[in-house]
Protein chains: 4
Amino acid sequence: MKTGRLEAFSDGVLAIVITIMVLEMKAPEDTTLQGLLTVAPVFISYLLSFIYLGIYWNNHHHLMQVTQKVNGKILWANLHLLFWLSLIPFVTSWVGEHGHYYEALPIAVYGFVLLMSAIAYFILERMLITYHDDNYALSKLCTNGTKEYASLGIYLLAVPLSYVNTWVSIGLYVVVALIWLMPDRKLEELMSEIEEH
Amino acid sequence: MKTGRLEAFSDGVLAIVITIMVLEMKAPEDTTLQGLLTVAPVFISYLLSFIYLGIYWNNHHHLMQVTQKVNGKILWANLHLLFWLSLIPFVTSWVGEHGHYYEALPIAVYGFVLLMSAIAYFILERMLITYHDDNYALSKLCTNGTKEYASLGIYLLAVPLSYVNTWVSIGLYVVVALIWLMPDRKLEELMSEIEEH
Amino acid sequence: MKTGRLEAFSDGVLAIVITIMVLEMKAPEDTTLQGLLTVAPVFISYLLSFIYLGIYWNNHHHLMQVTQKVNGKILWANLHLLFWLSLIPFVTSWVGEHGHYYEALPIAVYGFVLLMSAIAYFILERMLITYHDDNYALSKLCTNGTKEYASLGIYLLAVPLSYVNTWVSIGLYVVVALIWLMPDRKLEELMSEIEEH
Amino acid sequence: MKTGRLEAFSDGVLAIVITIMVLEMKAPEDTTLQGLLTVAPVFISYLLSFIYLGIYWNNHHHLMQVTQKVNGKILWANLHLLFWLSLIPFVTSWVGEHGHYYEALPIAVYGFVLLMSAIAYFILERMLITYHDDNYALSKLCTNGTKEYASLGIYLLAVPLSYVNTWVSIGLYVVVALIWLMPDRKLEELMSEIEEH
C-alpha cells in the first residue's frame, strides 16, 4: 500500500483537531477588555496545543516523506496516534476552563495525553523501520532520536510534578515544545541529503 | 470515473465523523478524579466508536486499492455508507450519556446503526464487483467474506438481546471489533499477491 | 490553473457541511422510544439535506471531470456555490426544530437556500463553458440541462407555496431530489462517451 | 519537500474554519421574520469573514502554484498564518453577537486578527522568496504587492478608529475585501505568463 491515503486521512484528522479547539473559545458576553481577558486562559492553552499539533504534523510530514509503503498494522499504529491527538481538544479545554492553572489534575491529564501521543508516535516509527528493513533515510531520521527520548523523559517527570507545582509542569511542556520548534540543522541536512539520495 | 475524489471525500467525512465525537466529551466542571470519571462512559463509547470507524476506514482503504473505476450508482452506494457512519457520533453520545449502560434502547440503536453500516458496506462491495466483472483482486477480497457474514449475524443477534441484557450486546459489539482488529494473515497475503499481480 | 486544489477544497467544505448537520441531532435526555422520536423531525430534515448535498457533490464531481483549467473568477463562482451550501445546516436545523412542519417561514427559507445554491451552480457552469470555448464534453454536460431548469422552476414555485401549505413545498423539494437521484442513462452514456473521447 | 501536503493541510484547515462559522448561527427559536432577523448580524459578519477566508484561500492557491519546494521554516510560517485565520470564527461570532456594531472592542479585535493574518501571509511570502532565489514567477507575484501594503495600512488605521466610530472601521474592512475581490487584470496576465513560462 502507498502512503497517499494515510497522509490524506491524517491531514484531515489533524486539521479538524487543530481547528475544533477554537470552538471552545466562546465569544465573551461582555465587550470590555475584562470580558476579553476571561478568554485568555483558554486562548493560552489553545496556543500551546496548536503548537504541539503543529509539531506533530511537521514530524509526521517528515516521516511520511521517507516512507514508501504501509501495511495494515501501520495503519492501526497511525490511528492509535490520531486517537491520542484527538483527545488534545478535550484536555485543552479542561485546562483552559480552570484559568488559574493551580489545580493539579487537569495539568497532569494534559501531560498524560502528550505522553501517550509521544509513545504512539514512537511505536509508529518502530513499525515503519521494521517494515522498511533497508530504508537508509527512515532509520537515519528515527535514530536521530535524542529529542524523542528527552521529550518522553520530561513528560514522565512533568505529570507527577503537577501535584507539587502546576507551573513546573507547564514550564516543562513549554520546554518540550521549544525543543521541537528550534530549527534543527541536523534534520535539515538529513532531509537535503535524503533528497539527493 | 477514477476513484481519487471518492476516496478524498470519504476520507474527509470519516475524519470529521471520527473527530466530532470528542466534542461530546465536555470538560468536567470539577477538577477532581471523580469529576474526570464522570466522563468515563462517554470516553469508553468514544473509544469503541473510534475503533469501529478505524476499521471501516481501513477496509474502505483496502477496497479502493483494488478498484479502478466508479460510476454514479457506486458514488451513491458510498454516500449511503457514509450516511450511516455519520450517525455514529449521535448514537455514541446517546449511549455515553446514560453511563450505566443498563438501558436497552440506546444500546439497541447503536447496534442498529452498526448493522445498517455493515449492510451499506456490503452493498458497496457487491456494486463494485458487478461493475468490475473481471477484477480478480476485488472479487478475491470481497468473497473473503466470512468476517462480514459473522458481523452481520452478530449484529442481528445483539440488537434484540439488548432488551435481555445490555452487557451481552456490548460484549458482542466488542467481539465484532476484535474480529476485524486481529491481524488477518490471509488478507495480508492477498494484498501482497495483488501487488505482485 | 489546474482543478486539483479547487476539488480538494470543495470536497473538504462539502464533507464538513454534510457532517456538522449531525451535531444538531442532540442525544435525547430520555432513553425511551418517545425520547428517540423527538429527534425524528431533525433526522428527517437531515436525511433530505444529506441527499441534496450528495447530489451536489456528485454533480460537482461530474463537472470537474470534464474541466481542465480554472481561473480566478471560477474560483469565486465555486466559493459562491459553497457559501449557499454552507447555509444548509442552518436551515436544516431550523426546519427540524419545528417538528410539525406547519410553519411557513423555515420551509420557505430552506427552499430559498436551495434555489440560491442551484443558481450558484448554474453560474459556475456558465463560467466554465465560457472559459473552455472548445470543450465538447463540458458543453454537452451543461446543455443537458432540462433537470436544472425544472429544479429552478420547482424551487421558484415551492418557496411561495410554503405560505399556502408547507407539505406541498416539502413534497416539491422531495420531487427535485428524486429527479436528480434517478439513474440518468443519458448522463451515463455521455460520461462513457467522454472517456472514450 | 514538495508542496502537496502543505496545500492539503491548509485546504483542510481553511475548509473547516470557513464552515464552523455557521455553527455559530443558531436556528432562531421563533419562526417569524423577526426571529429570522435576529440572526442577521451573525449572518452579515459570517458573510464578511467568508469572503475574507475565500480571499486568503485564493491567494494561497496562487502562491503555492508558483512554489516548487518548502522547508521546515516555511511549514511553520504557514501554520502561523493558519493560526491567525483559525481565530476568525471566534472574532466573527463576538462581533455578530453584539448586533448593533457600536461597541468598539469586538470591531477592533476583528481588525487586529485580520492585521495579524495579513502580516503572517507577508512573512510566508518573504520566506518563500528567500528559499526560491531564482524563481521569477514567485518574486513577480509577491512584488506585485501594492494591494498588500494598502491592506496593512488600512488595518492599522481601522483598528484604532473603531474607538472613534465602529462604522468607519467596518467600512474600511469592506474596502480591503473589495480591493482583493475586484478582478485583477495584472494578476491574470501574470498567471498566464507564468503558465507559458
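What's counted below: heavy atoms across the whole structure, side chains too, no hydrogens, waters or symmetry copies. Below, chains carry the letters A, B, ... as their sequence lines are ordered, and counting in each starts from 1.
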Check: Looking only at atom types and distance, does a side-chain atom of D:Ser49 sit under 3.5 Å from a main-chain N or O of D:Tyr46, one as donor and one as acceptor?
Finding: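 Pair absent, no side-chain N/O of D:Ser49 close to backbone of D:Tyr46.
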Check: Would you say the side chain of A:Leu36 lies within less than 4.5 Å of the side chain of D:Trp94, judging by non-hydrogen atoms?
Finding: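 They are in side-chain contact.
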Item checked: Heavy-atom side-chain contact between D:Ser151 and D:Trp180 under 4.5 Å ->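 Contact flag for D:Ser151/D:Trp180 side chains = yes.
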Notebook entry, point to check: Of the listed residues (A:Asn58, A:Val22, A:Leu181), which shares the most heavy-atom pairs with chain D below a 4.5 Å separation?
Noted result: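 Option with the greatest count: A:Asn58.
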Notebook entry, point to check: Who wins among A:His60, A:Met21, A:Met64, A:Glu29 for the most heavy-atom pairs under 4.5 Å with chain D?
Noted result: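 With the most close heavy-atom pairs to chain D, the winner is A:His60.
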Margin query: What part of A:Ile16 gets within 4.5 angstrom of chain D, counting heavy atoms only: side chain, backbone, both, or neither?
Written below: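 Backbone plus side chain of A:Ile16, per the 4.5 Å heavy-atom cut-off to chain D.
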Check: A:Asn59 versus chain D, heavy atoms under 4.5 Å apart: side chain, backbone, both or neither?
Finding: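 Neither part.
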Margin query: Counting heavy-atom pairs closer than 4.5 Å to chain A, which one of D:Thr92, D:Val17, D:Leu87 comes out on top?
Written below: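 Top option by heavy-atom pairs under 4.5 Å: D:Leu87.
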Next item on the list: Give, as side chain, backbone, both or neither, the part of D:Leu14 having an atom under 4.5 angstrom from any heavy atom of chain A.
Entry: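 For D:Leu14, no heavy atom lies under 4.5 Å from chain A.
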Notebook entry, point to check: Is it the backbone or the side chain of D:Val109 that comes under 4.5 Å from a heavy atom of chain A, or both, or neither?
Noted result: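 Side chain only.
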Check: Hey, what's the ring geometry for A:Phe50 with D:Phe83, parallel, tilted or perpendicular (30° and 60° as the breaks)?
Finding: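 Aromatic pair A:Phe50/D:Phe83 classed perpendicular.
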Note to self: Can you tell me how the ring of A:Tyr173 sits relative to the ring of A:Tyr155, calling it parallel under 30°, perpendicular over 60° and tilted otherwise?
What the structure shows: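 Answer is tilted, since the angle falls between 30° and 60°.
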Checklist line | Output field: ring centroids D:His80/D:Trp76 closer than 6.0 Å | finding: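 Ring centres of D:Trp76 and D:His80 not closer than 6.0 Å.
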